[in-house]
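So you know, we letter chains A, B, ... as the sequences are listed, proteins then strands, and number each from 1. Since the model is a prediction, treat every value here as computed from it, not as a measurement.
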Protein chains: 2
Amino acid sequence: MNISEARTRIVASADELYNARGIQAVGMDELRAAAGVSLKKLYQEFPSKGSIVMAVLERRHRSWAEGLDATVRQAPTPRARLLAIFDYLAQWFGEDSFRGCGFVNSFAELGAVSPDVADYARQHKESFQEYVGKLSEDAGAPPYLGPQLSILAEGAQTTAAIAGTVDAAVQARQAAEVLIDVALGHEVRGAA
Amino acid sequence: MNISEARTRIVASADELYNARGIQAVGMDELRAAAGVSLKKLYQEFPSKGSIVMAVLERRHRSWAEGLDATVRQAPTPRARLLAIFDYLAQWFGEDSFRGCGFVNSFAELGAVSPDVADYARQHKESFQEYVGKLSEDAGAPPYLGPQLSILAEGAQTTAAIAGTVDAAVQARQAAEVLIDVALGHEVRGAA
DNA sequence: GAGCGGAGAGAACGTTCGTTCTCTCTCGGT
DNA sequence: ACCGAGAGAGAACGAACGTTCTCTCCGCTC
């Protein structure tokens, strides 16, 4: 077996287990079993559990950013691209494995004791906010729209995770529509 | 020393410590020291760490609900009362001890392994959503406004916690203004 | 004053965790 | 065929945790 094959499998298993049950609740032996790897090889690939956690965060960031961008790219107009963010959320929330944003969760679990985890979570959120800001700019919206939509997306994730329903994605999407149209100077009528 | 005095001090210390460093990172001995109580008395008041966690959640819920309601009551109109939610958030985010919503954090840490914690977090969020829904109804807004504002508030909390700034509260407040006015059928002009 | 109940301090226990060590087996080169 | 390097399985280790037990001391009752 290739060395990097083992790395990949370890990180993938860790991602799945940490997401499902929390980082601190999953021990190295359980991870070893799930990855089908010896404990020796585990510590040969990663010097510590902390480094596995960081590798998982990197994997999550790549996966999220790529998935989001793929969905957004399919939308034809700048306005549709902004709304596509919430379609991506809706699809994500519907997955059985969805248990909230992995960065929020790891920040809550380890942010206070691990500066690395806290910094990475911050970076991930900043990168998302920049992405949304760029999409907003492309749509010709004033700069306040980006943060507003980012906050909506963030709130939808937390709400969906704790309530256990997909509703938050469509509610956030409807709110986003209003905010976008107002920011673009369109006429908006409230539905009664 | 009165028995319920000890209980109160234990729960207050636990709240502070759990908030600052995470529940799993704080051991019973550290809590005992912070509360100024013997380990014996600790287990005399609470049968287990889990029961202390639940008591902390109850305390947090009461404190949050009372603080929010006090701020909201000061606002003169239904519209101002809806916006007061975000003033409350802004003040909260500015506190040194702010480290994100305690229910989101405990859900992230223990929700997957403790149904009690998960259920309580769900109840807390539901209760907040009902509260916002009631305020929306009082303002004469259509029923979709409540969830929209709840999601905004939720997102502001997470964003402020991870970014470490208060900005999210005022950004969410501005978005809320737009959503409220559109929902009430007012004319809204986008600022450019 | 003697004895007793309860409280505080902290040692002790059993478990779990992250990490390392040991033992055994296999496989490739001469 | 033999020897050495490397890998797998899992025992072992030290620390930390939640929880319980022990010991000592204080104040109250007869």
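Atom CG in A:L42 sits roughly 15 Å away from atom P in C:dC17 (whole-Å rounding). The CG atom of B:L31 sits 9 Å away from the P atom of D:dG18 (whole-angstrom rounding). As a whole-Å value, the separation of B:K41 NZ from D:dG18 C1' is 20 Å. With rounding to whole Å, A:R32 atom CZ is found 10 Å from D:dG8 atom C1'.
Ring pair A:F98/A:F93 is tilted by interplanar angle, where 30° to 60° counts as tilted.
Heavy-atom contacts from other residues, nucleotides or ligands closer than 6.0 Å to CD of B:E30 number more than 12. Within a 6.0 Å radius of CD in A:E16, no more than 12 heavy atoms belonging to other residues, nucleotides or ligands are found. Residue-environment remark: CD (A:E58) exceeds the threshold of 12 foreign heavy atoms within 6.0 Å.
Between the A:S13 side chain and the A:R9 main chain, a donor and an acceptor come within less than 3.5 Å of each other.
Residue pairs meeting the side-chain hydrogen bond (donor to acceptor under 3.5 Å, both in side chains) criterion with at least one member in residues 151-166 of chain A, sequence neighbours excluded: A:K125-A:E154, A:T158-B:T158.
Note on A:D138 versus A:K134: no salt bridge recorded, every NZ/NE/NH1/NH2 to OD/OE distance being 4.0 Å or above.
Taking the C1' atoms of five terminal pairs at each end of the helix from C:dG1-D:dC30 to C:dT30-D:dA1, the two resulting helix axes are inclined by 30°, rounded to 10°.
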Between the protein and nucleotides 18-24 of chain C, which nitrogen or oxygen pairs come in under 3.5 angstrom?
residue: C:dG18; atom: OP1; partner: A:K49; partner atom: NZ; Å: 2.3
residue: C:dG18; atom: OP2; partner: A:M28; partner atom: N; Å: 2.7
residue: C:dT19; atom: OP2; partner: A:Y43; partner atom: OH; Å: 2.8
residue: C:dT19; atom: OP2; partner: A:K49; partner atom: N; Å: 2.8
residue: C:dT19; atom: O5'; partner: A:Y43; partner atom: OH; Å: 3.3

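A:F128 has its ring centre less than 6.0 Å from the ring centre of A:W64.
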